Amino acid sequence: MSKNLELGLDTFGDITEDGNGKLKHEAKVLRDLVEEGVLADQVGVDFLGLGEHHRKDFAISSPEILMTYIAAKTERLKLGTSVTVLSSDDPIRVFQRFSTLDALSGGRAEITLGRGSFTESFPLFGHDLNQYEVLFEQKLDLLTTLWADEVVSWSGDIRPPLKRQSVFPRFEDKGPTIWVGVGGSPDSVIRAVTYNLQMMLAIIGGDPERFKPYVDLYHRACDQMEHPVKPLGVHSPGHVAETDEAAVEQLWPHYKAFHDRLGRERGWSPMGKDAFLSEVRNGSVYAGSPETVAKRIAKTMKTLGLSRFDLKYSTGPMPHAQLMKSIELYGRKVIPLVRDMMS
């Protein structure tokens with residue numbers, strides 16, 4: 001099992017603070033993200049996922065462009081999205097962007113598809129939120145058809161039909177791996193199995209073991225549909241520092257700022273320090289020294305039978321320098337420790 005383990009990183013491109021506590025311009029954040037990707041490649045991280053958002057607190061709205069630039073500066077790092085909001089995108093253009101990225105990166109592209117927990121892209125691109133489900137269902141069906149067949153005929157309710165159309169450029173080999181992001185819906189689990197895709201569980205709070213029923217459902221569905229069991233992954237937030245105390249001290253104010261900003265929009269209560277510490281100790285915030293973070297990641301991977309764990313290393317306006325140190329410790333210390341624990 002350990003030979004197939006992958007340890008990755010995810011980021012939404014949170015707008016970060018400069019040395020004076022002032023928020024940086026998005027352009028500077030994007031340039032910082034390139035440095036973070038290059039460092040991840042150098043220290044042995046397996047994968048870097050870039051999340052698509054369309055709001056002022058995140059810098060990444062065109063992840064494929066950023067991934068292509070990072071690919072040109074790296075050698076082995078896999079690059080993908082976390083996630084591509086397929087519901088408000090065009091499946092044909094998604095295919096073309098990823099086939100181009102896959103070619104230029106030498107086959108290092110991946111894609112994670114999601115419906116989007118943030119909905120800003122729907123009015124931005126002229127989509128009706130009342131079609132939230134049907135847009136994703138039909139666009140996923142079209143995209144997976146394009147992935148599988150060179151000549152495509154397809155019809156649905158969301159666009160005019162395709163009649164024996166081909167989309168270029170084609171993949172050089174089998175094409176990028178497709179993951180489906182699952183936030184805790186049994187229907188999403190069944191959807192991943194139905195389309196024979198890999199499942200990425202987004203676990204952002206609570207005991208990771210509570211997602212075991214979804215893993216069991218995935219295995220049962222694979223058995224009933226006679227589909228092969230594919231690698232499973234988890235995406236969770238965290239931060240690595242030299243000591244547990246330093247990691248908590250560095251992450252806490254930025255985690256709270258992020259949580260409370262969203263909370264004002266979604267009706268959540270403000271984040272208290274005790275609730276945060278509970279997530280760090282027993283929940284799904286992997287913050288601490290390399291040894292602490294490695295132990296908690298290994299436990300989650302064993303409990304859920306994972307092949308991949310992606311740490312969302314940026315949360316809120318944490319400074320670039322602290323993110324770089326977290327990436328270095330994750331690659332040089334956490335990853336080797338997890339591999340040893342899992343072997």
Side-chain angles (χ1 to χ4, degrees), residues 10-16 23-30 33 49-68 80-98 101 111-146 154-162 167 178-185 187-188 191-192 195 200 202 204-205 235 237 257-270 312 314-317:
D10 288 335
T11 178
F12 296 164
D14 300 66
I15 301 300
T16 53
L23 294 179
K24 292 183 176 181
H25 191 280
E26 298 98 316
K28 176 57 177 170
V29 174
L30 289 170
L33 283 164
L50 305 177
E52 173 199 347
H53 292 84
H54 303 272
R55 46 186 291 140
K56 65 180 181 180
D57 37 358
F58 301 117
I60 306 171
S61 62
S62 300
E64 301 90 350
I65 294 176
L66 183 57
M67 285 189 287
T68 302
T81 48
S82 57
V83 299
T84 292
V85 186
L86 184 61
S87 308
S88 57
D89 213 329
D90 181 338
I92 293 174
R93 294 298 288 151
V94 170
F95 177 93
Q96 292 173 326
R97 296 198 300 266
F98 274 88
L101 171 62
I111 181 171
T112 302
L113 303 171
R115 291 175 294 178
S117 62
F118 294 85
T119 57
E120 288 83 2
S121 61
F122 285 79
L124 185 64
F125 298 118
H127 295 287
D128 185 352
L129 265 174
N130 291 323
Q131 291 188 298
Y132 186 80
E133 294 291 343
V134 69
L135 284 169
F136 186 75
E137 287 279 1
Q138 293 196 16
K139 290 184 177 186
L140 177 62
D141 188 69
L142 175 53
L143 184 63
T144 53
T145 302
L146 293 168
W154 185 91
S155 62
D157 303 322
I158 58 171
R159 54 155 296 139
L162 294 174
V167 179
I178 304 179
W179 299 79
V180 172
V182 175
S185 164
D187 290 342
S188 296
R191 183 184 295 116
Y195 285 96
M200 178 66 67
I204 59 175
H235 150 110
F258 173 79
H259 180 280
D260 291 355
R261 184 169 61 248
L262 291 186
R264 287 190 290 271
E265 300 174 11
R266 302 185 180 188
W268 302 344
S269 299
K312 183 182 178 291
S314 62
T315 301

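Both backbone and side-chain heavy atoms feed into the values below; hydrogens, waters and symmetry mates do not. Just so we're clear, the structure is a prediction, and the values are computed from it rather than from any experiment.
Checking Ser61, Ser88, Ser87 one by one against Ser121, the side chain to side chain contact (heavy atoms under 4.5 Å, CB included) holds for a single residue, Ser88.
More than 12 heavy-atom neighbours from other residues, nucleotides or ligands sit within 6.0 angstrom of CZ on Arg55. Counting heavy-atom neighbours within 6.0 Å of Ile204 CD1, excluding the residue itself, gives a total of 12 or less. Within a 6.0 Å radius of CG in Leu129, more than 12 heavy atoms belonging to other residues, nucleotides or ligands are found.
Without hydrogens or angle criteria, Glu120 side chain to His54 main chain gives no donor-acceptor distance under 3.5 Å. Checking side-chain atoms of Asp14 against main-chain N and O of Gly316 turns up a donor-acceptor pair under 3.5 Å. Judged purely by atom type and a 3.5 angstrom limit, Lys139 has no side-chain atom pairing as donor or acceptor with the backbone of Pro91. Formation of a donor-acceptor pair under 3.5 Å by the Thr81 side chain with backbone atoms of Thr112 is found in this model. At least one donor-acceptor pair closer than 3.5 Å links the side chain of His25 to the backbone N or O of Ala27.
Salt bridge status for Glu133 with Arg115: present, with a side-chain N to carboxylate O gap under 4.0 Å.
Residues Trp154 and Gln138 form a side-chain contact, since some pair of their non-hydrogen atoms from C-beta on lies under 4.5 Å apart. Counting heavy atoms from C-beta outward, Met67 and Leu50 have side chains that approach closer than 4.5 Å. Looking only at side-chain heavy atoms (C-beta outward), Asp141 and Tyr195 come within less than 4.5 Å of each other. Side-chain contact between Ile111 and Val94 is present, with heavy atoms from C-beta onward closer than 4.5 Å. Within the 4.5 Å cutoff, side-chain heavy atoms of Leu162 are placed close to those of Leu142.
One distance of note links CG of Leu135 with CG of Leu140; it measures 12.0 Å at 0.5 Å rounding. Note that the CG atom of Leu143 and the CZ atom of Phe136 stand 9.5 Å from one another [nearest 0.5 Å]. Taking OG of Ser62 as the reference point, atom CD of Glu52 lies at 8.0 Å (rounded to 0.5 Å). Rounded to the nearest 0.5 angstrom, Leu30 CG and Glu26 CD are separated by 8.0 Å. Annotation: the span from Leu33 atom CG to Lys28 atom NZ amounts to 10.5 Å, rounded to 0.5 Å. If you take CZ on Arg159 and CD1 on Ile92, they are separated by 4.0 Å, rounding to the nearest 0.5 Å.
Residues meeting the side chain to side chain donor-acceptor pair (under 3.5 Å) test with Asp260, sequence neighbours left out: Lys256. Every residue two or more places apart in sequence or in another chain that forms a side chain to side chain donor-acceptor pair (under 3.5 Å) with Thr11 is listed here: Ser314. Listed by chain and residue number, Trp268 satisfy the ring-ring contact (aromatic ring centres under 6.0 Å, His included) test with His259 (two or more places apart in sequence, or in another chain).
Ring orientation note: the planes of Phe12 and His53 are tilted relative to one another, at an angle of 30° to 60°.
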